[in-house]
Amino acid sequence: MEKIEFLPQDNVIWGRGVLAGALGQLRQYGIERPIVFTVEPLDALRRCFVVPNLPDGVGTYLDLPPHVPDFAVNEALYACEASGAKSIVAVGGGSVLDAAKAVSHFHQVRHGTYLPIAALPTTLSGSEFSHYFGVTETANEKKFKRSYAVKPTVPRVVIVDPELIRGTPRALLLSSAIKGVDHAVEGMRLVGPDHPHAILAASGVRRFLGVLTRWPVNVETEEALQRFEVDLDDLLQLQLAAWQCYFFPASVIYGLSHRIGHILGGSYGVPHSVTSCVTLVPVIRACSAFYGEKLRIFNDAVSGVDAASRLSAEIEAVVLRLGLPNRLRDLKFDHDELPAVARLLVENYPREVADLGEGAAQRLANLLERLW
């Protein structure tokens with residue numbers, strides 16, 4: 001039996017030049033007395049495009065470190081309480097959006113009500129479309145990123161405008177696109193090729209790769225726009241691809257690439273978007289037998305094994321062409337930590353490790369060596 005689970009996301013507004021008008025309509029979607037969550041590098045975007053269109057805003061909170069440490073969630077929740085905020089406008093990538101969801105959740109734990117969120121995403125990982133978030137627990141010697149799935153925390157409103165990503169640093173923007181592809185591929189883990197996720201994910205991956213395969217090398221996005229090497233429609237296509245790849249997050253369960261990414265990010269501080277550049281291609285190859293014929297949805301291969309081979313080769317070629325890191329050693333990751341990573345994966349994600357097949361423990365060790 002297959003099914004779709006929907007999330008309580010009321011509106012997604014997209015297009016070129018929609019940002020100001022959409023912000024002006026937030027009150028009708030229940031976004032009242034909002035506090036803006038963002039980070040210092042995005043403060044100019046906040047001041048120029050967001051604040052002028054939020055007449056009832058109650059303030060801004062900027063201290064949101066990567067990987068959403070628990071102490072930062074507590075401090076952000078206190079900022080909401082102190083300001084009298086009734087909602088959150090989250091301007092940023094996955095960490096900002098995860099922080100907003102976490103604060104909304106713990107506001108409900110403490111006060112009995114969720115804080116509705118309006119999301120203005122500045123990356124392509126797609127967190128704005130999901131109810132998933134992670135909080136890094138810092139009390140123990142080894143930090144651990146705890147995953148949550150809380151449906152009422154999904155942003156009530158999402159605004160998708162190329163203006164939001166034109167200033168995102170190149171490496172962050174493009175690596176987050178690979179994270180988006182990861183959502184499409186690993187979303188196939190427990191659904192069939194006729195599931196709506198499969199149909200939209202296949203379209204999203206084609207849309208992503210169609211833009212990324214011709215993306216200029218070693219040029220920041222704003223400069224590429226000025227040179228007419230890309231245009232705002234290309235940016236919008238990337239944003240729509242991220243949405244298609246993550247269209248039904250409540251209906252799918254992600255796999256080993258995501259779980260390795262959680263450990264690398266939460267416990268070792270590897271940037272969240274970069275993890276899929278390292279993990280996705282080797283995991284597709286290592287788990288091709290588990291996925292079987294499903295990956296044929298992404299190409300016209302004659303078999304599942306061939307589909308996995310072709311898909312992984314396409315993604316690998318894009319990562320290499322764009323100059324993104326594709327090995328843990330590129331990130332100065334300590335090789336001696338690989339056994340500890342394996343232990344954390346086996347202890348916390350045994351079902352995903354089992355996707356590797358017979359002799360999964362040794363296969364996992366071999367896989368981690370390939371990642372390094």
Side-chain angles (χ1 to χ4, degrees), residues 7 9 11-16 18-19 22 42 90-98 100-101 117-133 154-155 157-188 196-215 221 230-252 254 257-258 261 271-277 279-280 297-298 311 314-315 318-319 322 324:
L7 294 172
Q9 187 163 80
N11 291 272
V12 179
I13 304 164
W14 73 93
R16 292 175 55 178
V18 303
L19 182 57
L42 295 172
V91 183
S95 290
V96 171
L97 290 162
D98 272 18
K101 296 176 202 175
I117 300 167
L120 281 62
T122 61
T123 64
L124 302 167
S125 60
S127 178
E128 62 273 13
F129 300 114
S130 88
H131 60 312
Y132 295 120
F133 59 93
V154 68
V157 184
V158 179
I159 303 174
V160 175
D161 187 322
E163 192 64 48
L164 292 168
I165 64 170
R166 67 185 298 164
T168 302
R170 178 183 187 277
L172 174 58
L173 183 69
L174 299 180
S175 61
S176 71
I178 305 303
K179 178 67 70 179
V181 174
D182 202 340
H183 288 141
V185 175
E186 291 213 318
M188 293 301 301
H197 165 80
I199 296 163
L200 283 166
S203 175
V205 170
R206 286 194 297 272
R207 202 179 290 257
F208 262 138
L209 296 179
V211 176
L212 295 177
T213 53
R214 55 184 175 81
W215 196 266
T221 303
V230 298
D231 59 30
L232 292 177
D233 284 332
D234 290 321
L235 299 187
L236 183 59
Q237 291 306 306
L238 292 175
Q239 292 172 302
L240 295 177
W243 186 15
Q244 289 186 318
C245 289
Y246 213 17
F247 210 88
F248 296 103
S251 302
V252 297
Y254 299 102
S257 176
H258 277 75
H272 178 67
S273 63
V274 170
T275 57
S276 290
C277 300
T279 61
L280 179 56
I297 192 77
F298 295 108
L311 177 62
E314 282 186 281
I315 298 167
V318 165
V319 169
L322 296 175
L324 300 172

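What you are looking at is a predicted structure, and each value in this text was computed from that prediction instead of being measured.
Between L42 atom CG and T168 atom OG1 the span is 6.5 Å, to the nearest 0.5 Å. For the atom pair CD1 of I165 and CD of Q239, the computed distance is 4.0 Å after rounding to the nearest 0.5 Å.
Sorted by first and then second residue, the pairs that involve residues 165-175 and meet salt bridge (Lys or Arg N to Asp or Glu O under 4.0 Å), not counting sequence neighbours, are E163-R166, R166-E222.
Shown here are the side-chain contact (heavy atoms from CB on, under 4.5 Å) partners of I297, two or more places apart in sequence or in another chain: M188, A198, A202. For S273, the side chain to side chain donor-acceptor pair (under 3.5 Å) criterion is met by S175, not counting sequence neighbours. Partners of H272 by side chain to side chain donor-acceptor pair (under 3.5 Å), not counting sequence neighbours: none found. Applying the side-chain contact (heavy atoms from CB on, under 4.5 Å) rule to A184 yields the partners A201, V205, C245, F298; only residues at least two apart in sequence or on another chain are considered. With sequence neighbours excluded, the residues forming a ring pair (Phe, Tyr, Trp, His ring centres under 6.0 Å) with F247 are W243, listed by chain and number. Checked against side-chain contact (heavy atoms from CB on, under 4.5 Å), T275 has the following partners two or more places apart in sequence or in another chain: K179, L264, V270. For R206, there are no salt bridge (Lys or Arg N to Asp or Glu O under 4.0 Å) partners at least two apart in sequence or on another chain. For D182, the side chain to side chain donor-acceptor pair (under 3.5 Å) partners two or more places apart in sequence, or in a different chain, are S257, H258, S276. The side chain to side chain donor-acceptor pair (under 3.5 Å) test applied to Q237 returns R207, not counting sequence neighbours. Applying the side-chain contact (heavy atoms from CB on, under 4.5 Å) test to P271 and every residue at least two apart in sequence or in another chain returns V274.
With hydrogens and angles disregarded, no donor-acceptor distance shorter than 3.5 Å links the side chain of N11 to the backbone of V157. Between the side chain of Q9 and the backbone N or O of E128, at least one donor-acceptor pair lies under 3.5 Å.
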